[in-house]
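Here's the structure we're looking at; comments come further down.
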Amino acid sequence: MKILPVRLAHRLGYFAAEGVPVMLEPYEERSSKAMPGERSPVQVTAGDFDTVLQQHLQGQRELLFLTLARTPQLGFGVRHPQRTGAELSLLLQNALIGLPQASRWAQRVAWMVMQAHGVQPRPAQFVILSTAQQVQTAFLLGDVDAVCVGEPLLTGLQRRGGIRVVADTRYLSESMRLLGGPVLYAGLSSPAAWVESHADELQSVARAVRRALLWLQTAGPIDLAPHADLVGFAGDPRTFLSVIMHARESFAVDGSVDEGAIHNGLRIVRLLPQGHLYDGIEPAHLYSARLATTG
């Protein structure tokens, strides 16, 4: 979901209109090899804020240059919809919370939700499972008391009933209230050297994705339905449309990079266990705003 605008830019022909030949491939499979006589392809990563942070921890400077998603697109929910106030806080004190292993943001959102209810989280409360599907199964079987998951599982659990969504970061205002301000959840990034030497190509990529972001904000159900396959809903366009209606405002409008979102995202990372690992990272070294705001 978080990189849907990139897939749309490709599907809708916006990259082609910019004269940018784009090949989409998984991050772990991306290649910088070029055919004889050709220039090496420009490397662009569509991923979350953590991808950039991990590159910096490894001594490889990567710069975010366009925002895709401005909220974590996650919801925190409990199995006891009737509990509110003090009862909910008491539940959270001893709750087992299911989280998907691949989502670092899930733990962050869960941590912030608990603190917002006056509960100091304990690492032993977090049940880390291999896949989001396993998290859903554990929740439905009663093996965990709460979960923090994204789409499409969140919408699926809401449709089943029996879950109370305590915090829903698919919505901008709720995300900002919980996380203490804006965040940059997902974006486009590239090695710093490429940003300096291939600014024209990257700016063309940014323009194409900005068109897709705008299209996503204004498209109606008839426009959206044919693209359900881009996020695994080829046979279920109704669920896809429901997911989009929930998550649409989490996507950036113009792709601009908010300096405040970078600072706040790094602040949240530093609040969690092992947050000291990020103390040496300067926010100003994580992004370039000029490619998304010019041209």
Side-chain angles (χ1 to χ4, degrees), residues 1-27 29-32 34-35 38-49 51-52 62-71 73 151-152 170 172 184-191 194-234 237 240-241 243-258 261 287-295:
M1 276 292 293
K2 63 191 174 190
I3 65 167
L4 174 60
V6 177
R7 297 184 180 278
L8 284 170
H10 193 262
R11 170 73 63 81
L12 297 172
Y14 296 156
F15 289 128
E18 288 289 339
V20 182
V22 170
M23 179 180 294
L24 304 181
E25 58 184 11
Y27 178 80
E29 297 177 14
R30 71 177 185 173
S31 171
S32 59
M35 297 295 290
E38 293 184 349
R39 297 178 63 186
S40 296
V42 180
Q43 295 181 4
V44 178
T45 298
D48 58 25
F49 185 50
T51 301
V52 175
E62 183 115 348
L63 295 178
L64 284 155
F65 64 88
L66 184 134
T67 302
L68 294 173
R70 52 187 176 165
T71 83
Q73 299 183 345
E151 297 293 7
R170 293 172 298 184
L172 184 60
L184 195 162
Y185 173 54
L188 297 184
S189 64
S190 192
W194 290 101
V195 173
E196 296 303 320
S197 63
H198 292 74
D200 290 344
E201 292 98 321
L202 293 175
Q203 199 163 78
S204 294
V205 169
R207 279 196 297 266
V209 178
R210 286 173 66 187
R211 285 186 65 186
L213 286 166
L214 180 60
W215 184 91
L216 186 57
Q217 293 293 338
T218 57
I222 293 177
D223 305 307
L224 289 162
H227 305 290
D229 62 302
L230 293 179
V231 285
F233 289 101
F240 171 70
L241 292 174
V243 167
I244 291 295
M245 292 305 108
H246 282 302
R248 174 141 52 184
E249 70 179 59
S250 74
F251 290 105
V253 177
D254 62 4
S256 60
V257 180
D258 182 351
Y287 73 100
S288 172
R290 62 191 177 94
L291 298 181
T293 56
T294 61

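For the atom pair Asp258 CG and Tyr287 OH, the distance stands at 8.5 Å (nearest 0.5 Å). Residue Thr45 holds its OG1 atom at 9.0 Å from CZ of Phe65, rounded to the nearest 0.5 Å. We find the CZ-CZ distance between Arg207 and Phe15 to be 12.0 Å, quoted to the nearest 0.5 Å. Between the CG atom in Leu241 and the CZ atom in Arg248 there is a gap of 9.0 Å [rounded to 0.5 Å]. Residue Arg290 holds its CZ atom at 8.0 Å from CD of Gln203, rounded to the nearest 0.5 Å. Interatomic distance, Ser204 OG to His198 NE2, rounded to the nearest 0.5 Å: 12.0 Å.
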Report the C-alpha separation of Arg170 and Glu151 in whole Å, then their side-chain angles, then the decisive distance to 0.1 Å, and conclude whether the salt bridge (charged side-chain N to carboxylate O under 4.0 Å, His left out) test is met.
CA-CA 9 Å; Arg170 293 172 298 184; Glu151 297 293 7; 2.4 Å; yes
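Between the side chain of Thr67 and the main chain of Gly187, no donor-acceptor pair closer than 3.5 Å is present. Side-chain N or O atoms of Ser190 include none that pairs as donor or acceptor with a backbone N or O of Val44 at under 3.5 Å. A distance-only check finds a donor-acceptor pair linking the side chain of Gln217 to the backbone of Phe251 [under 3.5 Å].
The shortest heavy-atom contact between Phe240 and Leu224 is CE2-O, 3.3 Å. Nearest heavy atoms, Gln43 versus Pro191: O-CD, 3.7 Å. Between Phe233 and Val243, the shortest heavy-atom distance links the atoms CZ-CG2, 4.2 Å.
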Taking distance alone, no hydrogens or angles, what donor-acceptor pairs closer than 3.5 Å link side-chain atoms of residues 1-10 to residues at least two apart or in another chain?
from: Lys2; atom 1: NZ; to: Asp48; atom 2: OD2; distance (Å): 3.4

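The side-chain contact (heavy atoms from CB on, under 4.5 Å) test with Ser189 singles out one residue from Leu64, Val195, Leu63, and that residue is Leu64. Of the options Leu202, Val205, Leu213, a side-chain contact (heavy atoms from CB on, under 4.5 Å) to Leu66 is made by Leu213 and by none of the others.
By the salt bridge (charged side-chain N to carboxylate O under 4.0 Å, His left out) test, Glu249 pairs with no residue at all, sequence neighbours left out.
Judged as a side-chain hydrogen bond (donor to acceptor under 3.5 Å, both in side chains), the pairs with a partner in residues 223-232 (not counting sequence neighbours) are, in order, Arg11-His227, Arg11-Asp229.
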